[in-house]
Amino acid sequence: MCMAWGRGLRPGVVPGAMAAERALAMATCTAPVNIAVIKYWGKRDTDLILPINSSLSVTLHQDQLKTTTTAAASRDFTEDRLWLNGAEVDVGHPRVQACLREVRRLARKRRGGSEDTATLSLLSYKVHVASENNFPTAAGLASSAAGYACLVSALARLYGVEDELSEVARRGSGSACRSMWGGFVQWQRGERSDGTDSLAHQVAPETHWPELRVLVLVVSGKKKPVASTAGMQTSVETSPLLKHRAEVVVPERLAQMIRHIRERDFEGFGQLTMQDSNQFHATCLDTFPPIFYLNDLSRHIIALAHRYNTHHGHTKVAYTFDAGPNAVIFTLADTVDEFVEVVRCSFPPATNGDQFVRGLPVGSAALPQELMAAVVTEPVPGAVQYILHTKPGPGPQLVDDPSQHLLGADGLPRRHA
Ligand code: DP6
């Protein structure tokens, strides 16, 4: 539990006294991004965010991609307020409100009957929340998943809630429930209409497959053309392929994918990852009017990955794309140096040559002549902005160091947009 008692907010208040007299309670958490290898696309209940199919993802390491959120409560706050990356935004968004309401409900339930006046008064206070990403928002890097997972984690810490929280994070954004766990995570669609069995759980921890690596090929910092929330509902209403996918294809693929992960079988894992990404984008094309998240560059990357695998005679890299053109490549540690060089030669960096590769270190590799000839065809200079090298990582973390809080002792963001 991370509580900081702000000094100076109410002169004369003794820090650590009963909550009714406390000036400021504060908690900070971080949460990860996840990338689905069996995609979630379509809801059966848009209010409770209940999916039409189960999904499975890999949680990415927070050293490279994370959201940090501070939640504070004080009797001096006059309204709930929210800041994203230093800029104040509307706290009245129904999904933010749903998360706030649900965490508070769990806190009340937990204290139910007991005379814990500290939490009860905390619950009557307004909250201030500040959240920051260390990566571009809405660039197709699942920022809403990390954002809502972090909001729910920080609020839960603030109120001392230790329950299963994926059900609450799901109310912020479907994919956010998977960011409540590290490693390999399944979101079970559930059967009940109240959503109490639509939860995420860990299939294997991040330490399970130490050689697994992730390369994010960032091709665009722009906002998505069609937000996934709107896009997936049009798919539910119009795509017969999506219905078949949810009823027949996904249940089989989930069982296969879990087996490949348990056996650390990259051939099986990689092939199924690519096939499921392709089917997701096929359902987007099958949607009427159609939705296009892939562009010429994404198709270029897809072809490159297949040429590379064909050249080696087996699956060494696997791509997956969400609702945006950035590519996420899964590979194994022994392939990273060579494949990064293939990407560098295929998309020669325009200006930022020295920052082209970020994140975990990448060694140099000389590409054999026959690999160059077979794989690197028609280079497109400048098309890939940069490559982020990362790996599977843990779930949400508590930040203990008070100097890391995003809100100051006055309850306002320390950093402004
Ligand atoms: C393509 O979780 O962003 O990334 O539940 O409406 O917030 P909402 O949608 P969201 O959809 C993610 C879709 C996806 C696939 C996936 O992550 O499984």
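Just so it is clear, the structure is predicted and the values come from calculations on it, not from any experiment. In listed order, ligands and their atoms are each counted from 1.
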>> One residue to check: Ile49. Relative to ligand 1, which of side chain, backbone, both or neither has a non-hydrogen atom less than 4.0 Å away?
In response: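 Answer for Ile49: side chain.
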> Heavy-atom contacts under 4.0 Å between Ser228 and ligand 1: side chain, backbone, both, or neither?
Replying inline: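 The answer is the side chain.
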> Is any N or O atom of Asn34, backbone or side chain, closer than 3.5 Å to an N or O atom of ligand 1?
Replying inline: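 No, Asn34 has no N/O under 3.5 Å of an N/O on ligand 1.
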>> Any nitrogen or oxygen of Gly174, side chain or backbone, less than 3.5 Å from one on ligand 1?
In response: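 Yes, Gly174 has an N/O under 3.5 Å of an N/O on ligand 1.
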> How about Asn309 and Thr315: does a side-chain donor come under 3.5 Å of a side-chain acceptor?
Replying inline: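 Thr315 and Asn309 do not have a side-chain donor-acceptor pair below 3.5 Å.
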> Do the side-chain N and O atoms of His61 and Thr390 include a donor-acceptor pair separated by under 3.5 angstrom?
Replying inline: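 Short answer, no.
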Just list the side-chain donor-acceptor pairs under 3.5 Å for residues 198-207, sequence neighbours left out, or say none.
unit_1: Ser198; atom_1: OG; unit_2: Trp187; atom_2: NE1; d: 3.0
unit_1: Ser198; atom_1: OG; unit_2: Arg189; atom_2: O; d: 2.9
unit_1: Gln202; atom_1: NE2; unit_2: Gly182; atom_2: O; d: 2.7

> Which atoms of ligand 1 sit under 4.0 Å from any heavy atom of Tyr40?
Replying inline: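 The atoms of ligand 1 under 4.0 Å from a heavy atom of Tyr40 are 2 (O), 5 (O), 6 (O), 8 (P), 9 (O), 10 (P), 11 (O), 12 (C), 13 (C), 14 (C), 15 (C), 16 (C), 18 (O).
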>> Within ligand 1, which atoms have a heavy atom of Arg95 less than 4.0 Å away?
In response: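 Going through ligand 1 atom by atom, the ones under 4.0 Å from Arg95 are 6 (O), 7 (O), 8 (P).
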> Evaluating non-hydrogen atoms only, which member of Met232, Lys43, Arg170 is closest to atom 11 (O) of ligand 1?
Replying inline: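 That would be Met232.
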> Mind checking whether Tyr293 has a heavy atom under 4.0 Å from ligand 1?
Replying inline: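 So Tyr293 does not count as touching ligand 1.
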> Among Gln271, Arg253, His281, whose side chain to side chain donor-acceptor pair (under 3.5 Å) with Asp276 holds?
Replying inline: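 Running side chain to side chain donor-acceptor pair (under 3.5 Å) over Gln271, Arg253, His281 with Asp276 returns exactly one hit, Arg253.
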>> Classify the ring geometry of His314 against His312: parallel below 30°, tilted from 30° to 60°, perpendicular beyond 60°.
In response: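 Geometry flag for His312 against His314: perpendicular rings.
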>> If the condition is salt bridge (Lys or Arg N to Asp or Glu O under 4.0 Å), which residues does Asp80 pass it with, not counting sequence neighbours?
In response: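 Counting only residues at least two positions away or on another chain, Asp80 forms a salt bridge (Lys or Arg N to Asp or Glu O under 4.0 Å) with Arg104.
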